[in-house]
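Shown next, in C-alpha cells, is the structure this report addresses.
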Amino acid sequence: MTAGFSGVLQLTDLDDFITPSQECIKPVVVEKIKSVTGSKIKIQDDGSYVAVTEGGQAQKLQRVDISLNDCLACSGCITSAESVLITQQSQEEMLKVFKANEQLKEAGKESELKLIVVSVAVQPVLSLAVRYELEPQDAFRRLSGYFKSVGADIVLDMTLSEDLSLLECENEFMERFRSKSDGSKPHLPMLTSSCPGWVCYAEKTHGSFVLPYISTTKSPQQIQGTLVKQFLPTIQGHHPGKIYHVSVEPCYDKKLEASRSDFHNEAEDIKDVDCVITSVELEQMFKSQDLRLSEIPPADVDFPWLDGLNCSEQISYKGTLVGHQGTGSGGYADHVMASAAQELFGDSNAELKFKVLRNPDMREATLEKDGKVVLRFAIANGFRNIQNLMQKLKRGKCAYDFVEIMACPSGCLNGGAQVRPEEGTQQKELTSTLEKLYSELPLHSPKLNPLVHEIYTNWLGGAGSDKSSANLHTSYHAVEKMSTALNIKW
C-alpha cells in the first residue's frame, strides 16, 4: 500500500533545524583530583562548578571544552551548529585581536602588529540594511567604517572569490558532463559544495556514497581566505602568519567550515579564515556598544587586487555591492546551466526558468533540443528537500545533472545567523524583502570580470593547472559512526 506514496510521506520526523543530539560525545581524560568524601557540587553565579567539602573548603572544578575540530570529528549530530558554543569563532576573540593590535601600536611595537583583513559577504549587508533601514550600498560603506573604527586595516567585498567559485564550479561540471560520452562514470548529478551545513550533513550521514557527487570547488569564503592569505602577501609583502582574516557571513556553519583541517596550512600553522562573524552577532555588538549602523560614519571598501595584477580595464563593481544572476545563495544553478546550454549545445539565448515543484524550495529547470530534454537542473533548499533528493539518488531515480543545495529554507538570504525579524514581521515577509533587495543590486557576470582572467593567468598558472586545483578545490571525508552505549537508539 505504501508503494504509491510520495517521498514526502515516506520520510517523517524531519525538520530544517537540527539541534545537537545526545550523541555529541567527546572522549576526554579528566585529571583525578583528591577529594574528601561527602563533598557536594554547587553551581556558582557565573555558571562554574565548585566542590564544597564538609569543612566548608571550596575547590573549583575543571571545565571541559569542546573545540570545533571535536565537533567536526564527531559522528553524532548532523548539526546546524546554532546551539553549539564555538569559542574560537566568537566576537570576543575577534575584539581581543583588535585590542592587542591597539596595545602594540601604543607600545610602539609596529613590527609585531597583525594586518587585520575583514571580508564581507553580500547577505549580511542586506540583512543589516533592512534592520537599520538603509540602502544596501550605504550599509556596506558604514559596515566598512565600523570595522575600520575598531581596528581593521582592510575591508573587502567577496565578488572576486564568488566569481572564481562560480567559474570553477562551471568548469568542473563541464568536465563531468563530457565524461558521459567517453564511457567513464561522471558522478552526476553534481551537487554544489558552498553550503557547509549540507556538506557536514553529507559527510556524517551519507558518507562515501554521496561525497563523489559533491563539487570539489571551494566556497567563496574559503577562496577569499586563499586570496587573503596567499595572494595578498605577494602584493603587500606581509607574511601570511601576520594576517588576521575575519569573514562576515549569514550562517553559523561557516564557522565550522573555516575550522576544517582542510583549510589549515600545517607548514605555516595558519588558517585561511581566522574568525567568522555573523549578521546577528554584528547586531549584538552594535547593541552592546549602544550604536546604530545608520549613525556610523561610512568608509570606502578597499580594493587591493589591482596592485598585484596587470589589469588596465575598468572594474565596474569596485567598492560596491553586486549580485549574480539567480538565487541569493550565489546563483550556481543559473550560472552553470546558462554556460552549459551555450558551450555544450550552442544555445546562447536559452530561456532558463526554474519552476516550483512541490514547494518553493524545490525548483527545476530543463533545456530541450529537438524535443528531447538534454539538461535538467534543480535547486533544493532545506533538509526536507535534501533528504528526499538523497533518497532518489540512492534509488537511482535522480534524473538531474546539477543541483544547487543549501541547508537553510530559502537559501543563504535566510541563513540561520541572519538578523531575525522584528516584532510584527513574519520570517517569510523578511526573506521576501531580502530577495527583492538582492534582485535590485547591480547584476554582475563572472565572465566579464577582467580580474578573474588575470588571477588565473598571472597567479594560478592558468585554469586547470595544478596550482589552480590546489588553491580553488578541496576534499571531503566520510565520518564513521561511533559505537558507544550512549548513541544506541532504544
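Only a predicted model underlies this, so the values are computations on that prediction, with no experimental measurement involved.
Using a cut-off of 4.0 Å between Lys/Arg side-chain N and Asp/Glu carboxylate O, Lys105 and Glu102 are scored as not salt-bridged. Using a 4.0 Å cut-off between charged nitrogen and carboxylate oxygen, Lys242 and Glu112 do not count as a salt-bridge pair. The existence of a salt bridge linking Glu440 and Lys436 is confirmed by a sub-4.0 Å separation between a basic side-chain nitrogen and an acidic carboxylate oxygen. With respect to Lys218 and Asp262, no salt bridge is recorded, no charged nitrogen being found less than 4.0 Å from a carboxylate O. Using a cut-off of 4.0 Å between Lys/Arg side-chain N and Asp/Glu carboxylate O, Arg260 and Asp272 are scored as not salt-bridged. Of the charged side-chain nitrogens involved, none lies within less than 4.0 Å of a carboxylate oxygen, so that Arg292 and Glu283 do not count as a salt-bridged pair. A salt bridge between Arg142 and Glu135 is absent, with no side-chain N of the basic residue lying under 4.0 Å from a carboxylate O of the acidic one.
With hydrogens and angles ignored, the 3.5 Å screen pairs no side-chain donor or acceptor of Ser215 with any backbone N or O of Ser193. In this structure a side-chain-to-backbone donor-acceptor pair under 3.5 Å is missing from Thr457 to Glu454. At distances below 3.5 Å, not a single donor-acceptor pair connects side-chain atoms of Asp302 with backbone N or O atoms of Pro304. Checking side-chain atoms of Asp253 against main-chain N and O of Leu256 turns up no donor-acceptor pair under 3.5 Å. Of the possible donor and acceptor atoms, none in the side chain of Thr425 sits under 3.5 Å from a partner among the backbone N and O of Pro421.
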Legend entry - Full working for salt bridge (charged side-chain N to carboxylate O under 4.0 Å, His left out) between Lys255 and Glu281: CA-CA 12 Å; Lys255 296 172 184 281; Glu281 286 175 300; 3.0 Å; yes

Legend entry - Chi angles and distances behind the side-chain hydrogen bond (donor to acceptor under 3.5 Å, both in side chains) call for Ser247, Glu249: CA-CA 6 Å; Ser247 180; Glu249 298 289 340; 2.8 Å; yes

Legend entry - Working for side-chain hydrogen bond (donor to acceptor under 3.5 Å, both in side chains), residues Gln123 and Gln418: CA-CA 8 Å; Gln123 295 89 357; Gln418 291 280 71; over 6 Å; no

Legend entry - side chain to side chain contact (heavy atoms under 4.5 Å, CB included) evaluation trace for Leu211 with Glu203: CA-CA 7 Å; Leu211 297 187; Glu203 289 180 322; 3.9 Å; yes

Legend entry - Trace of the side chain to side chain contact (heavy atoms under 4.5 Å, CB included) decision for Leu282 with Val248: CA-CA 9 Å; Leu282 277 174; Val248 181; 3.7 Å; yes

Legend entry - Glu110 and Leu104: CA distance, side-chain angles, deciding distance, side chain to side chain contact (heavy atoms under 4.5 Å, CB included) verdict: CA-CA 7 Å; Glu110 303 292 331; Leu104 288 171; over 6 Å; no

Inset, instruction - Please report the C-alpha distance between Val118 and Leu156 in whole Å, then the side-chain angles of each, then the deciding distance to 0.1 Å, and finally whether the side chain to side chain contact (heavy atoms under 4.5 Å, CB included) criterion is met. - result: CA-CA 6 Å; Val118 180; Leu156 304 171; over 6 Å; no

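Tyr438 is listed as a side-chain neighbour of Leu126, based on a closest heavy-atom distance under 4.5 Å. Put simply, the side chain of Leu95 does not reach to within 4.5 Å of the side chain of Lys99, judged on heavy atoms. Residues Gln137 and Thr320 form a side-chain contact, since some pair of their non-hydrogen atoms from C-beta on lies under 4.5 Å apart. Side-chain contact check for Val130 versus Leu434: some heavy-atom pair is nearer than 4.5 Å. Looking at heavy atoms from C-beta onward, Leu167 lies in side-chain contact with Pro446 at the 4.5 angstrom threshold. With a 4.5 Å cut-off on side-chain heavy atoms, Leu441 and Val322 do not count as touching. Within the 4.5 Å cutoff, the side chain of Glu162 has no heavy atoms near those of the Gln224 side chain. Counting only heavy atoms from C-beta outward, the side chains of Leu164 and Tyr456 approach each other to under 4.5 Å.
Across Asp300 and Lys148, no two heavy atoms sit closer than the pair O-NZ, 2.8 Å. Contact record, Val228 with Ser119: CG2-OG, 4.2 Å, taken as the closest heavy-atom pair. Closest of all the heavy-atom pairs between Cys251 and Thr278 is O-CG2, 3.8 Å. Considering all non-hydrogen atoms of both residues, Tyr132 and Leu293 come closest at CD1-CB, 3.6 Å. In this structure, Cys275 and Met94 approach most closely via the heavy-atom pair SG-CB, 4.0 Å. Residues Leu321 and Pro136 come closest through the heavy atom pair CD2-CB, 4.0 Å.
Atom CD of Glu133 has 12 or fewer heavy atoms from other residues, nucleotides or ligands within 6.0 Å. Residue Lys467 qualifies as enclosed at atom NZ: its count of foreign heavy atoms under 6.0 Å is above 12. The number of heavy-atom neighbours closer than 6.0 Å to CG of Asp307, taken from other residues, nucleotides and ligands shown, is above 12. Remark: Gln426 CD is loosely packed, at most 12 non-hydrogen atoms of other residues, nucleotides or ligands lying under 6.0 Å away.
Rounded to the nearest 0.5 angstrom, Ser468 OG and Asn471 CG are separated by 7.5 Å. The structure places CD1 of Ile154 at 10.5 Å from CD1 of Ile116, a figure rounded to the nearest 0.5 Å. Atom-to-atom distance recorded for Glu93:CD and Ser90:OG is 4.5 Å, nearest 0.5 angstrom. For the atom pair Gln230 CD and Ile243 CD1, the distance stands at 9.0 Å (nearest 0.5 Å). To the nearest 0.5 Å, atom CZ of residue Phe98 and atom OH of residue Tyr244 are 7.5 Å apart.
At a cut-off of 3.5 Å, with distance as the only test, a side-chain donor of Thr327 or Glu404 sits close to an acceptor on the other residue. Of the N and O atoms on the side chains of Gln222 and Thr474, not one donor lies less than 3.5 Å from an acceptor on the other residue. Judged by distance alone, the side chains of Asn449 and Tyr317 do bring a donor and an acceptor atom under 3.5 Å apart. With no hydrogens or angles considered, a side-chain donor-acceptor pair links His473 and Glu168 at under 3.5 Å. Side-chain contact, Asn414 with Gln427: a donor N or O sits under 3.5 Å from an acceptor N or O.
The ring pair (Phe, Tyr, Trp, His ring centres under 6.0 Å) contacts involving residues 256-284 comprise nothing, where partners must be two or more places apart or lie in separate chains.
Considering Lys229, His245, Lys114 in turn, Lys229 is the only one that fulfils the side-chain hydrogen bond (donor to acceptor under 3.5 Å, both in side chains) rule with Asp274. Checking Ile223, Ile315, Leu451 one by one against Leu160, the side chain to side chain contact (heavy atoms under 4.5 Å, CB included) holds for a single residue, Leu451.
Using cut-offs of 30° and 60° on the angle between ring planes, the pair Trp305 and Phe231 is parallel.
For His324 and His335, the ring centers are positioned 6.0 Å apart or more. Taking the six-membered ring for Trp and the full ring otherwise, Tyr332 and Phe402 have centroids separated by 6.0 Å or more.
Listed by chain and number, the residues in a ring-ring contact (aromatic ring centres under 6.0 Å, His included) with Phe147 amount to none (sequence neighbours excluded).
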